[in-house]
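In the text below, chain A, chain B and the rest are named by the order of the sequence lines, each starting its count at 1.
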Protein chains: 4
Amino acid sequence: MGTGTSTGKQQRRGNTRQRIQDVALELFAEQGYEKTSLREISERLEVTKAALYYHFKTKEDILVSLFENLTTPIDELIAWAKEQPRSLETKQEVLRRYNVIFTKATPLFRFMHENQATIRDLSIGESFKQRVIGMVNVLRDPDSPLTAQVRCFSALTTIHGGAIALRDAEGDLEEKQGATLEVAMELVTRAHEES
Amino acid sequence: MGTGTSTGKQQRRGNTRQRIQDVALELFAEQGYEKTSLREISERLEVTKAALYYHFKTKEDILVSLFENLTTPIDELIAWAKEQPRSLETKQEVLRRYNVIFTKATPLFRFMHENQATIRDLSIGESFKQRVIGMVNVLRDPDSPLTAQVRCFSALTTIHGGAIALRDAEGDLEEKQGATLEVAMELVTRAHEES
Amino acid sequence: MGTGTSTGKQQRRGNTRQRIQDVALELFAEQGYEKTSLREISERLEVTKAALYYHFKTKEDILVSLFENLTTPIDELIAWAKEQPRSLETKQEVLRRYNVIFTKATPLFRFMHENQATIRDLSIGESFKQRVIGMVNVLRDPDSPLTAQVRCFSALTTIHGGAIALRDAEGDLEEKQGATLEVAMELVTRAHEES
Amino acid sequence: MGTGTSTGKQQRRGNTRQRIQDVALELFAEQGYEKTSLREISERLEVTKAALYYHFKTKEDILVSLFENLTTPIDELIAWAKEQPRSLETKQEVLRRYNVIFTKATPLFRFMHENQATIRDLSIGESFKQRVIGMVNVLRDPDSPLTAQVRCFSALTTIHGGAIALRDAEGDLEEKQGATLEVAMELVTRAHEES
DNA sequence: AATGAATGAGCCTTCATTCAT
DNA sequence: AATGAATGAAGGCTCATTCAT
């Protein structure tokens with residue numbers, strides 16, 4: 001009783017760092033970064049505030065560590081894309097994978113979206129912005145017109161929006177995902193044809 | 001002596017409430033709601049913090065008063081649209097006007113966008129969400145497919161995005177505005193044809 | 001009962017700033033700057049810590065304000081000296097006044113002496129150093145030899161030392177003061193004759 | 001391989017205690033005792049904080065251990081002096097040796113001087129005071145007049161002062177040392193003649 | 001219409017220290 | 001001989017808010 005493989009409370013030891021990240025994301029997402037205090041996090045974990053500081057240098061550091069789940073896959077995707085031929089198929093595959101990344105990291109991304117003012121001057125702002133620019137550069141062709149560029153950007157934000165807004169909207173989730181991806185695909189296809 | 005229409009510094013007197021709103025918006029937009037302190041606002045105005053409390057009951061109260069500049073015009077636009085025939089031309093005009101509203105209220109909207117986590121539990125969240133739903137309902141046709149709905153929503157967010165993201169992007173502002181509107185228009189046109 | 005002109009506890013209001021300074025000096029002198037916490041100061045005053053921050057921007061600021069009792073008179077003395085003829089009489093009078101300043105600010109100066117490691121990187125270090133240089137420049141003549149300059153400097157440090165070390169030494173205070181001043185005078189006189 | 005007498009970096013092993021002392025003195029002297037944290041020390045040594053606790057019981061303990069470089073030689077000097085005839089030659093030799101001790105321990109003594117407020121309630125204060133008294137007792141004769149006692153004390157503080165102040169002063173170091181010792185000698189000689 | 005003075009709660013962070021391993 | 005993980009206490013500071021004047 002109380003043991004077993006459940007994710008119960010007793011499984012302390014060795015995984016505190018992970019647990020901090022989990023709880024932090026949960027609370028950051030729920031209440032925002034500023035409004036979540038380290039006291040709150042530590043209380044939820046039944047540790048002292050000081051313990052957090054053993055694992056992370058600052059509050060911001062906790063946040064940054066969270067974002068590695070998002071930035072690392074994007075970096076990998078961009079790297080992968082650069083090695084592929086710049087065909088329409090590649091672009092579509094990039095979009096598909098991009099969508100998967102965001103689908104998986106929805107809570108984190110939603111948090112980011114809802115806390116931009118905070119994120120902006122927290123180093124993650126710039127960090128993420130760079131990734132989006134990187135993505136646009138991978139999707140658009142070198143000398144394509146401005147509208148093509150806007151379309152690529154719009155395709156990306158459509159996926160972003162899908163990851164966030166569609167949660168609330170009514171209807172079947174998979175279906176909505178499909179719709180989102182479809183719209184994004186169209187935009188990139190159009191952009192591709194323009195160049 | 002001391003009067004005149006100039007926007008000079010000396011024209012204190014009677015308009016403090018307005019000045020508080022101006023400065024508050026400026027700072028909220030620049031740094032976020034939580035990170036802007038009443039001290040900061042009052043210092044910028046060269047008044048004491050206590051003075052703010054003469055004009056507004058709480059910090060949140062200042063924010064609420066600001067949003068009346070955005071919700072009122074949208075309400076009026078929705079009302080106007082409902083009286084027009086549900087034609088493509090109407091929809092396009094709605095989009096154009098919607099774009100104008102956001103172009104004018106950019107700082108406020110940008111602020112809202114960047115502070116959702118905060119806004120959310122500040123009563124303004126729901127308030128704005130209702131307006132967007134109202135807008136979608138005005139753009140889409142009653143029995144249109146899901147993709148059409150997504151397109152209308154996407155058109156709206158494209159404008160939102162344009163008001164926000166395009167500021168930073170390179171290129172001529174008017175041109176970028178045009179591109180934004182064009183993309184939005186296309187989406188709504190497509191949605192219109194789908195129904 | 002309880003009123004009157006006594007320096008009792010009830011005389012709050014309007015003099016809090018002063019009271020903070022008094023208590024702060026007392027505690028800083030007694031325990032050192034670092035080891036004195038704002039909590040301690042505020043508790044002694046029966047005010048909240050936040051109240052301290054109404055009157056002073058930072059902890060260091062309290063310290064700096066304390067030092068104005070030392071730096072302001074020195075600045076005034078330097079200014080005064082610059083308007084006088086550069087005669088021996090003037091120099092002697094300057095020394096006399098300098099001595100008075102330090103005699104009055106003994107606790108503060110002693111604090112400074114006992115907390116050099118702290119003071120050093122607290123902006124007061126440099127600030128005080130500048131005053132001493134200013135004093136030397138007032139005492140020495142433009143083209144006097146190096147030894148004259150050293151003598152002037154030595155005269156100053158003699159006074160400094162007198163303010164600190166003589167307290168502990170045995171003997172009549174006035175008498176010791178006199179001896180200190182006498183030595184300082186001799187040094188400046190010698191310097192004067194050299195130029 | 002890996003041994004040798006070089007003071008290279010690789011020679012960890014067995015001398016950690018010594019290395020802690022070295023780094024601690026360096027940092028204490030540079031920043032003051034309070035402002036130097038054990039984290040800082042351990043980081044500089046590339047060890048964990050806990051490692052410090054293997055070698056020393058407390059932070060203060062590190063400091064105390066440092067002072068043994070000063071107190072032990074003084075104790076030995078006092079012990080030696082007590083076995084010698086109480087002649088002028090002995091006293092002069094004592095002074096010479098005392099000066100050597102301080103010349104060698106300058107950084108430590110300077111630290112002590114700059115952190116008096118801290119030292120004072122750290123047990124070292126009293127500890128050092130006792131040694132100075134011991135020294136005076138060794139220098140002065142049993143029934144000598146008060147002035148003789150003052151002279152002996154003054155001789156000691158002259159050496160102290162020389163160790164600190166002379167560093168910064170201009171001029172040849174050896175020469176200044178000589179001057180210091182000369183003055184101290186004079187004082188003790190005078191005292192000796194008085195008794 | 002606004003100020004001066006103050007509060008209470010809370011924040012992020014740092015520190016010396018401990019202890020099982 | 002040293003580490004990894006954590007603690008309890010405290011520190012400086014900021015904030016929204018209040019209220020008598």
Q. When all nucleic acid strands are considered with a 4.0 Å heavy-atom cut-off, which category describes A:Ser42: base, sugar-phosphate, or nothing?
A. nothing
The residue, B:Thr48 or C:Thr48, whose nearest nucleotide of DNA chain E is more 5′ is B:Thr48
Between D:Tyr53 and C:Tyr54, whichever has its closest DNA chain E nucleotide further toward 5' is C:Tyr54
- Query: Is any side-chain N or O of C:His55 closer than 4.0 Å to OP1 or OP2 of E:dA6?
  - Reply: yes
Quiz item: Run the side-chain contact (heavy atoms from CB on, under 4.5 Å) check on C:Thr16 and C:Leu45 step by step: do they pass?
Solution: CA-CA 9 Å; C:Thr16 304; C:Leu45 285 166; 5.6 Å; no
In whole angstroms, the gap separating C1' of F:dG12 from CG of C:Leu122 amounts to 14 Å
Taken to the nearest whole Å, CD/A:Glu43 to P/F:dA6 is 17 Å
Of A:Arg17 and B:Tyr33, the one whose nearest nucleotide on DNA chain F sits closer to the 5' end is A:Arg17
Rounded to the nearest 0.5 Å, the CD1 atom of B:Ile62 sits from the CD1 atom of B:Ile41 at a distance of 5.0 Å
Dot-bracket assigned to DNA chain E with the 3.5 Å Watson-Crick/G-U criterion, [ ] for crossing and | for other-strand pairs, is .||||||||||||||||||||
**Asked** At under 4.0 Å, does any side-chain N or O of A:Thr16 touch on OP1 or OP2 of F:dA5?
**Response** no
In this structure, NZ of C:Lys35 is separated from CG of C:Asn115 (nearest 0.5 Å) by 9.0 Å
In this structure, CZ of A:Arg17 is separated from CG of A:Asn15 (nearest 0.5 Å) by 12.5 Å
Atom NZ of B:Lys49 and atom C1' of E:dT7 are separated, to the nearest Å, by 11 Å
Note to self: Any side-chain N or O of D:Arg39 below 4.0 angstrom from OP1/OP2 of E:dC15?
What the structure shows: yes
Separation of F:dG11 atom C1' from C:Leu52 atom CG, nearest Å, is 13 Å
note: D:Phe28, atom CZ; E:dC15, atom C1'; distance rounded to Å ~ 13 Å
Practice item. Quick one: sort the D:His113 and C:His113 rings into parallel, tilted or perpendicular, breaks at 30° and 60°. Key: perpendicular
Between NZ of B:Lys59 and C1' of F:dT17 the distance, given in whole Å, is 12 Å
CZ of B:Phe128 to CZ of B:Arg131, rounded to nearest 0.5 Å, is 9.0 Å
Taking E:dG4, F:dA16, F:dG8 as options, the one with an atom nearest any side-chain atom of B:Ala50 is E:dG4
Is there a side-chain contact between B:Ser37 and the phosphate of F:dT14, meaning an N or O under 4.0 Å from OP1 or OP2?
no
One should read off an interatomic distance between A:Arg120 CZ and B:Glu30 CD, to the nearest 0.5 angstrom, of 8.5 Å
From CD of D:Glu46 across to C1' of F:dA2 the rounded distance in Å is 15 Å
Atom NZ of A:Lys35 and atom C1' of F:dA16 are separated, to the nearest Å, by 14 Å
